Amino acid sequence: QVQLVESGGGLVQPGGSLRLSCAASGFTFSHYAMSWYRQAPGKERELVAAITSAGGSTNYADSVKGRFTISRDNAKNTVILQMNSLKPEDTAVYYCYADARDAWGRLHDYWGQGTQVIVSS
């Protein structure tokens with residue numbers, strides 16, 4: 001069974017930090033790029049951060065650059081989103097996402113169930 005299980009969400013004050021974790025199982029984690037998406041109420045789901053399968057390259061949404069860091073540990077099948085200097089506009093459900101293309105170009109992708117982040121005083 002493929003699973004992506006997020007943890008670490010919660011309620012924090014503006015300026016605070018949270019560390020989100022995603023534990024993967026049921027697929028070859030090291031073959032997959034990993035991403036964090038978020039969706040705020042009434043908004044479209046948006047890409048927050050992405051990391052290549054070997055961890056050699058990362059991308060971030062402009063809104064989180066300098067504040068969030070994505071990392072992965074392929075030996076532990078985990079991906080992390082370290083969120084610092086949190087703002088109320090970071091409030092959203094955060095989702096872990098895995099994707100890869102096979103030799104024929106077929107997409108293999110999986111979504112986690114999401115974890116809630118609320119930034120409020």
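Everything numeric here is computed off the predicted structure, so don't read it as measured data.
Residues in residues 66-79 take part in these salt bridge (charged side-chain N to carboxylate O under 4.0 Å, His left out) pairs, two or more places apart or across chains: Arg67-Asp90. Within the structure, side chain to side chain donor-acceptor pair (under 3.5 Å) contacts touching residues 110-121 (residues at least two apart or in different chains) are Glu6-Gln113. Among residues at least two apart or in separate chains, disulfide (SG to SG under 2.5 Å) pairs with a member in residues 8-115 are Cys22-Cys96.
Using a 4.5 Å cut-off between side-chain heavy atoms of Ile, Leu, Val, Met, Phe, Trp and Tyr, with links allowed through other members, Trp36 and Tyr60 fall into the same hydrophobic cluster.
Using a 4.5 Å cut-off on side-chain heavy atoms (C-beta onward), Val48 and Met83 make no contact.
Taking Ser30 as the reference, Thr28, Asn74 meet the side-chain contact (heavy atoms from CB on, under 4.5 Å) condition, with sequence neighbours excluded. Residues passing the side-chain contact (heavy atoms from CB on, under 4.5 Å) test with Ser25 are Gln3, sequence neighbours excluded. For Tyr97, the side-chain hydrogen bond (donor to acceptor under 3.5 Å, both in side chains) partners are Asp109, not counting sequence neighbours.
Residue-environment remark: CD (Glu89) exceeds the threshold of 12 foreign heavy atoms within 6.0 Å.
A side-chain donor-acceptor contact under 3.5 Å links Thr52 to the backbone of Ser57.
Under the side chain to side chain contact (heavy atoms under 4.5 Å, CB included) rule, Ser21 has a single partner from Thr78, Val79, Ile80, which is Ile80.
Separating the CD atom in Gln82 from the CG atom in Leu18 is a distance of 8.5 Å, to the nearest 0.5 Å.
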